[in-house]
Amino acid sequence: MRFTKMEGCGNDYIYINCFEEEVKWPEALAVAMSERHFGVGADGLVLILPSETADFRMRMFNLDGSEGEMCGNAVRCIGKYVYERGLTKKDTVTLETMGGIKTLKLHIQQENVIAVTVDMGEPILEAEKIPVRSEKHPVIGETLRILDREFAFTCVSMGNPHAVTFVDNTQDFDVEKYGSLVEYAPIFPNKTNTEFVQVIDRTHLAMRVWERGSGETMACGTGASAALVAAVLNGLCERKVRIQLLGGTLEIEWRESDNHVYMTGPARFSFDGVWLR
Ligand SMILES: N[C@H](CCC[C@H](N)C(=O)O)C(=O)O
């Protein structure tokens with residue numbers, strides 16, 4: 001079975017073109033192929049499928065086999081894939097996801113997609129839709145004690161759940177120690193992605209992320225979108241910022257005119273391969 005390895009700000013997935021390949025058990029395949037030593041090595045698996053309601057459909061699976069409703073970095077990579085591999089000639093593409101239909105604007109130079117702007121839709125702030133067990137609306141300052149620290153979380157869904165907290169310095173923060181416990185905190189019925197955010201200034205944030213089902217990744221597109229929304233709700237930044245992640249930079253804007261969040265960033269091919277198992 002042929003696959004393509006791609007990454008967006010270092011958030012790397014295995015992409016399978018399901019117009020040409022059939023995948024019977026994606027959950028098990030995601031675990032096997034994502035494995036660093038016995039497989040390809042990745043943050044998870046992404047299927048590119050036909051759709052009846054959009055140009056294409058995405059299904060994404062974390063490296064533990066769990067399915068994510070939405071994946072911002074993968075959406076940008078799919079935009080690059082479908083244009084440069086000849087599945088579309090359009091520079092605006094729609095993609096059906098479990099988090100709704102997303103619109104992608106491809107930035108093209110000499111037939112190469114050099115960046116993609118994704119309309120991530122409206123942030124979801126109602127506790128029961130995130131979901132998070134909280135009496136607050138929006139869910140700002142929900143405190144949780146994790147080991148020796150008390151955190152205040154702002155919770156946002158971008159189709160998938162995010163718990164955002166602000167720290168003084170992301171570089172020397174122990175993301176695994178705390179993120180791995182927040183992921184399974186009982187107040188998150190569907191678990192959660194957790195973002196640790198440092199406010200550099202009112203137009204620059206730095207962020208590290210412990211992803212639900214994948215652990216710490218180099219970047220998280222839905223997480224960066226949730227981080228911007230949380231920072232604006234807490235009065236910490238403007239509505240358009242650059243977010244510095246371990247693997248690169250994303251530009252995120254929460255537009256007042258339509259209440260939609262827009263994410264712009266890179267997408268890159270790494271290699272093509274053939275899976276023999
Ligand atoms: N781990 C996430 C899915 C991938 C999200 C992330 N890689 C992104 O770019 O948005 C979840 O289970 O909700």
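In listed order, ligands and their atoms are each counted from 1. Everything numeric here is computed off the predicted structure, so don't read it as measured data.
From F166, atom CZ reaches atom CG of L236 across 5.0 Å, with rounding to the nearest 0.5 Å. Considering SG of C71 and CD of E211, their distance stands at 6.5 Å, rounded to 0.5 Å.
Listed by number with element, the atoms of ligand 1 under 4.0 Å from a non-hydrogen atom of M60 are 3 (C), 4 (C). Listed by number with element, the atoms of ligand 1 under 4.0 angstrom from any heavy atom of T222 are 5 (C), 8 (C), 10 (O). Counting atoms of ligand 1 from 1 in the listed order, those under 4.0 Å from a heavy atom of E211 are 1 (N), 2 (C), 3 (C), 4 (C), 5 (C), 6 (C), 7 (N). Heavy-atom contacts of G221 reach the following atoms of ligand 1: 8 (C), 9 (O), 10 (O) (cutoff under 4.0 Å). Atoms of ligand 1 found under 4.0 Å from any heavy atom of N11 (numbered from 1 in listed order, with element): 6 (C), 7 (N), 9 (O). Within ligand 1, counting atoms from 1 as listed, the ones closer than 4.0 Å to a heavy atom of M70 are 3 (C), 4 (C), 5 (C).
Residue-ligand proximity: N62 is placed with a non-hydrogen atom under 4.0 Å from ligand 1. Within the 4.0 Å heavy-atom cutoff, C220 counts among the residues contacting ligand 1. Every heavy atom of K191 sits 4.0 Å or more from the atoms of ligand 1. Heavy-atom separations between M158 and ligand 1 are all 4.0 Å or longer.
Proximity of W210 to ligand 1, defined as any heavy-atom pair under 4.0 Å, is not found for any part of the residue. Neither the backbone nor the side chain of T217 has any atom closer than 4.0 Å to an atom of ligand 1 (non-hydrogen atoms only).
Note: F153 and F188 have perpendicular aromatic rings, judged against thresholds of 30 and 60 degrees for the angle between ring planes.
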Let me see the working for D272 and T4 under side chain to side chain donor-acceptor pair (under 3.5 Å), right down to the final yes or no. CA-CA 4 Å; D272 287 310; T4 299; 2.6 Å; yes
Kindly indicate, with the supporting measurements, whether the criterion ring pair (Phe, Tyr, Trp, His ring centres under 6.0 Å) is fulfilled by Y15 and F3. CA-CA 6 Å; Y15 292 78; F3 69 87; over 10 Å; no
Assess the residue pair T194 and H162 against the criterion (side chain to side chain donor-acceptor pair (under 3.5 Å)); give the C-alpha distance rounded to whole Å, side-chain angles, the decisive distance to 0.1 Å, and a yes or no. CA-CA 6 Å; T194 307; H162 294 272; over 6 Å; no
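Between P161 and ligand 1, no pair of N/O atoms sits closer than 3.5 Å. Considering backbone and side-chain atoms alike, S214 places every N or O at 3.5 Å or more from each N or O of ligand 1.
Partner of V139 under the side-chain contact (heavy atoms from CB on, under 4.5 Å) criterion, chosen from E135, E142, H137: E142. Of the candidates E69, E67, E183, R212 forms a salt bridge (charged side-chain N to carboxylate O under 4.0 Å, His left out) with just one, namely E69. No option in E111, K90, K89 other than E111 meets the side chain to side chain donor-acceptor pair (under 3.5 Å) test with Y83.
Surrounding CZ of R145 are more than 12 heavy atoms belonging to other residues, nucleotides or ligands, all under 6.0 Å away.
For atom 2 (C) of ligand 1, the closest non-hydrogen atom of the protein is N193 OD1, 3.3 Å.
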